[in-house]
Amino acid sequence: MVEQLSYTGNLEVGKPADYNFYLTASVYNFSFWFNGETLILPIGEFILFVRENDPVLKADIYSPPGSSRVGISPDIVKHVLGLSEDLRGFYELASKDPLLSDSIRVLAGMHFRAVTPWLASLVAVCQQNASFKQGWRMYYNIIKAFGKRVRIRGLETYIPPEPGVILRAGPEVLRATRIGYRARTVTGLAELFSRKPYLNTWDIRPVELEEELSSVKGVGEYTKRLVLALSLRYYGKPPIDRWLRKIASVVYGVEEESVEEEYVKRWGNWSGLAALYTTVALDAEPLSTALERIRAGLTRPDPSKYSPLTLWKYL
DNA sequence: TGCCAGGCGGGGT
DNA sequence: ACCCCGCATGGC
């Protein structure tokens, strides 16, 4: 069953001169949410069609039948798109960084789109103990299996599921998303966000969200930090996994045990963003390939690869 | 064919 | 505080 959404208005938001819409729309995205030109942005029950209309971004708003029409504020759109995120401090550090200085030339103006804490937690769990490809395939499967299929202007897209949808669907549908043993964790997260819906906002304090996430079995330090970065734009604590731990130990010449300390010393409140940028700069290559690329000085993204920036062309 | 990953927790020491 | 192992799945 495909539901039809209808046009209910539009809004314009200012676009800073150094903001790169194409990169922001591209990074870690799927084909049903970006086609190379228009960003199809689900926010709550609404879908926004966002495109560049210099010097602003223009968003057409589509709503389900009988919906309240209110509920999309420019501030929300700005948060999601990172329009009020001032990255100058980050670029200053990155320009002197042995790993990222090269890539910021081509990635300047890219922001990571924010998702809700609930969806960020799904993304994060899918990254656990899996390659980039497998992780995003799992998240893709979840959106397609549980999301709401909607039609707008003749094209089909998906509104991601609320946590209750996953709880009601039963374990066999979840198994079909091929997330393996992560299913337990996803169920635990769905229970948490169902029980405490106030956690699933962009106003929640990072420490509170972090603490609540800790109660879910299967959610550890890495997952929590990734959630804070992807939903709240909180970058003070970097999500360091085996991949980044090894890479940073090589690049900065420190023991793996002290990578986090070194990372926070260098990046401060930009630590989490630096971690995310690193995955883009190295095309999220598996560890051994990533290390070879660093040795060869190939630390810019390669547009011909299946990578965080081109994922939307493949899935 | 077997390994073995952008984690994590449980059970050992 | 540490190791160390299993875990679902898919990619190589």
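We use all heavy atoms of the structure for the numbers below, so side chains are in, but hydrogens, waters and symmetry mates are not.
- The distance between atom OH of Tyr181(A) and atom P of dC5(C), rounded to the nearest whole Å, is 16 Å.
- A ring pair (Phe, Tyr, Trp, His ring centres under 6.0 Å) with Tyr28(A) is found for exactly one of Tyr139(A), Trp136(A), Trp312(A), namely Trp136(A).
- Residue-level contact check: Ala183(A) touches neither bases nor backbone, having no heavy atom under 4.0 Å from any strand.
- Using cut-offs of 30° and 60° for the angle between ring planes, the Tyr91(A) and Tyr277(A) rings count as perpendicular.
- Gln127(A) places its CD atom 14 Å from the C1' atom of dT9(C), with the value rounded to the nearest Å.
- A donor-acceptor contact under 3.5 angstrom links the side chains of Tyr181(A) and Asn129(A), judged on distance only.
- Atom CD of Glu257(A) and atom C1' of dC2(C) are 12 Å apart (whole Å).
- Here Thr223(A) lies in heavy-atom contact (under 4.0 Å) with sugar-phosphate atoms only.
- Under the side chain to side chain contact (heavy atoms under 4.5 Å, CB included) criterion, Thr201(A) pairs with Asp203(A), Ile204(A), sequence neighbours left out.
- Note: Leu41(A) CG to Trp33(A) CH2 = 9.5 Å, rounded to the nearest 0.5 Å.
- Distance noted for atom C1' between dC2(C) and dG6(B): 23 Å (whole Å).
- For the pair Glu285(A) CD and dC12(C) C1', the computed distance is 14 Å after rounding to whole Å.
- Following rounding to the nearest Å, Asn129(A) (CG) and dA8(C) (P) show an atom-to-atom distance of 12 Å.
- Asp302(A) and Arg293(A) are not joined by a salt bridge, as no carboxylate oxygen comes within less than 4.0 angstrom of a charged side-chain nitrogen.
- Val125(A) comes within 4.0 angstrom of no nucleic acid atom, judged by non-hydrogen atoms across all strands.
- Taking a heavy-atom distance under 4.0 Å as the criterion, the stretch of DNA chain B touched by chain A extends 5' to 3' from dA5(B) to dG10(B).
- Scanning residues 295-315 of chain A for heavy-atom distances under 4.0 Å to DNA chain C yields an empty list.
- The OH atom of Tyr22(A) sits 8.5 Å away from the CG atom of Leu309(A) when rounded to the nearest 0.5 Å.
- Between Gln128(A) and Arg137(A), the residue anchored nearer the 5' end of DNA chain C, judged by the nucleotide with its closest heavy atom, is Gln128(A).
- In this model, the phosphate group of dG10(C) is approached by a side-chain N or O of Arg178(A) to a distance below 4.0 Å at OP1 or OP2.
- The salt bridge (charged side-chain N to carboxylate O under 4.0 Å, His left out) test with Glu156(A) is passed by exactly one of Arg149(A), Lys148(A), Lys144(A): Arg149(A).
- Ring geometry for Tyr62(A) versus Phe49(A): interplanar angle of 30 to 60°, hence tilted.
- The P atoms of dG11(B) and dA8(C) are separated by 15 Å, rounded to the nearest whole Å.
- Nucleic acid contact class of Arg182(A) (heavy atoms, under 4.0 Å, all strands): base.
- Within a 6.0 Å sphere centred on CG of Asn35(A), heavy atoms belonging to other residues, nucleotides or ligands number more than 12.
- Within 4.0 Å (heavy atoms only), Leu287(A) reaches sugar-phosphate atoms of the nucleic acid but no base atom.
- The residue among Gln134(A) and Lys224(A) whose nearest nucleotide of DNA chain B is located toward the 5' end is Gln134(A).
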